[in-house]
Amino acid sequence: RAKADVSRAVCFYEPGMDEAARDRRALANDLRQAIERGELALHYQVQTSVPTGEIRGYEALLRWKHPERGMIPPAEFIPVAEENGSILAIGEWVLRTACRQAAAWDNTHKIAVNLSPVQFAHVDLARLVHEVLLETGLAPKRLELELTESTIIADKARTLHALRRIKALGVTVAIDDFGTGYSSLDTLRSFPFDKIKLDRSFMADVERSPQAKAIIRAVLTLGRSLEIPVLAEGVETQMQLSILQVEGCNEAQGYLLGRPRPIDEIDLAEAADDGAAAEPVFAAGQRR
Ligand code: C2E
Ligand code: MG
Ligand code: MG
Ligand code: MG
């Protein structure tokens, strides 16, 4: 994944690897122009309260429609963007676009935006966030930033300093993919996160694995003790949702509640504050 590995791959004798390296380089070049060409878009996925079924917010998820290759998933192009530095411009575009679109919504839902460790390393993020909030007029409390543990591990002192300044603006911060990193508990001790997003791998296994269920239960207990709400990622079935209700999970996100959708497909009537309030969470799942 590091730059060095890619260039070294060219020296191997397998012709396939040579091709893969060239392919990656071509993708990196295309990516630099993706913003200007208008090939990037944000999709939005709903985040729902488990006990009430109310919509709490939407997570912005980046999509790249490549002119020849079609839709390329973020897992494929974000590592490339992080390597060649284009993640800085892309990340800024994501933040600005998400805040602008959310500010135009006729509701008070949160908008969650993912951040890359590279952004923390190279940009004064607190300042950028502050600028974007002023520019778009979005209320700070409606913005939630999501970061993974790898971000904190990369440069702990610098990241924590930036996060404190970001929180001082009134913006909230969530730890993403919780449970898959190396130092989950230390991460929680280091910084007052506003939300724990439990990685979807636990949800995927919960119906057949007592271990996964025990871990979910433990994280929910931890969240309650630390007074940090827990959101379960990757909720795909009614059974998973019922387990979360019984175990007292705060929020859920997943295909059952809604797939990531382009802005114009988000039903703003559905998303309106009082429209969703009375909606029972099971009906929310079936409405899909
Ligand atoms: P993430 O932040 O953990 O986002 C959740 C991912 O899980 C999304 O994948 C979403 O489409 C997928 N997902 C949601 N519900 C379900 C479900 O019920 N089942 C399954 N199997 N998957 C579900 P996506 O959109 O492909 O994004 C993948 C990752 O790419 C994100 O993981 C995030 O780490 C990164 N990413 C996406 N957008 C951005 C961005 O704007 N900036 C940065 N730095 N990273 C981003
Ligand atoms: Mg996320
Ligand atoms: Mg996640
Ligand atoms: Mg993820």
Side-chain angles (χ1 to χ4, degrees), residues 40 42-47 55-63 74 78 81-82 87-103 105 108-181 184 187-200 223 226-233 250-251 253 260:
L40 297 181
L42 294 180
H43 282 197
Y44 294 90
Q45 186 177 32
V46 72
Q47 302 180 324
I55 293 174
R56 284 293 167 77
Y58 287 87
E59 179 176 6
L61 294 160
L62 187 57
R63 299 291 178 259
I78 283 175
E82 286 175 335
I87 191 68
L88 301 180
I90 291 172
E92 188 173 334
W93 179 89
V94 169
L95 183 67
R96 189 164 274 124
T97 307
C99 289
R100 185 168 23 81
Q101 293 184 329
W105 291 345
T108 56
H109 300 316
K110 272 188 180 269
I111 180 75
V113 173
N114 293 284
L115 294 177
S116 155
V118 179
Q119 290 176 278
F120 277 93
H122 295 281
V123 180
D124 184 348
L125 263 178
R127 185 175 168 168
L128 176 66
V129 168
H130 186 54
E131 275 171 21
V132 170
L133 289 172
L134 289 177
E135 189 185 301
T136 58
L138 185 75
K141 66 174 196 299
R142 292 186 55 204
L143 177 61
E144 183 150 270
L145 299 175
E146 295 191 0
L147 59 148
T148 59
E149 285 164 279
S150 61
T151 303
I152 292 167
I153 292 161
D155 186 345
K156 197 168 166 180
R158 192 188 157 94
T159 307
L160 294 183
H161 179 67
L163 287 179
R164 285 194 197 99
R165 287 174 57 218
I166 286 170
K167 269 200 79 156
L169 298 170
V171 171
T172 59
V173 184
I175 180 91
D176 205 353
D177 301 348
F178 185 79
T180 54
S184 307
T187 305
L188 288 182
R189 188 175 54 177
S190 313
F191 184 77
F193 283 96
D194 300 286
K195 192 182 285 179
I196 295 171
K197 296 192 74 179
L198 183 61
D199 191 73
R200 73 163 185 261
L226 297 172
E227 297 180 8
I228 306 175
V230 177
L231 178 149
E233 299 187 295
N250 306 84
E251 290 182 31
Q253 185 179 343

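These values consider heavy atoms only, across backbone and side chains, with no hydrogens, waters or symmetry-generated copies. Quick caveat, the model's predicted, so the values are computed rather than measured.
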Work out which heavy atom in [X] is nearest to a heavy atom in [Y]; give both atom names and the distance.
X	Y	result
I166	A126	CG1-CA, 3.7 Å
E149	T180	OE1-N, 4.4 Å
T136	C99	OG1-CB, 3.7 Å
R142	T108	NE-C, 3.6 Å
S116	E82	OG-OE2, 2.7 Å
A98	Y44	CA-OH, 3.6 Å

Between [atom1] of [X] and [atom2] of [Y], what distance do you get to the nearest 0.5 Å?
X	Y	atom1	atom2	result
I111	L145	CD1	CG	10.5 Å
R96	L133	CZ	CG	11.0 Å
N114	L95	CG	CG	11.5 Å
H161	D155	NE2	CG	11.5 Å
L147	K197	CG	NZ	11.0 Å
D124	H130	CG	NE2	11.0 Å

Between Q47 and Q253: side-chain donor-acceptor atoms closer than 3.5 Å: yes
Counting only N and O atoms by type, is there a donor-acceptor contact under 3.5 Å from the side chain of [X] to the main-chain atoms of [Y]?
X	Y	value
N250	L231	no
R63	H43	no
K110	K141	yes

Heavy atoms, side chains only, cut-off 4.5 Å: are [X] and [Y] in contact?
X	Y	value
I175	I152	yes
V132	V129	no
R165	L125	no
K167	D194	yes

Trace of the side-chain contact (heavy atoms from CB on, under 4.5 Å) decision for W93 with L42: CA-CA 10 Å; W93 179 89; L42 294 180; 4.0 Å; yes
Derivation of the side-chain contact (heavy atoms from CB on, under 4.5 Å) call for Y58 and Q101: CA-CA 11 Å; Y58 287 87; Q101 293 184 329; over 6 Å; no
Check against side-chain contact (heavy atoms from CB on, under 4.5 Å), F193 and T187: CA-CA 9 Å; F193 283 96; T187 305; 3.8 Å; yes
Residues E144 and R56 bridged, charged N to O under 4.0 Å: no
Step-by-step side-chain contact (heavy atoms from CB on, under 4.5 Å) determination, E233 to D199: CA-CA 6 Å; E233 299 187 295; D199 191 73; 3.9 Å; yes
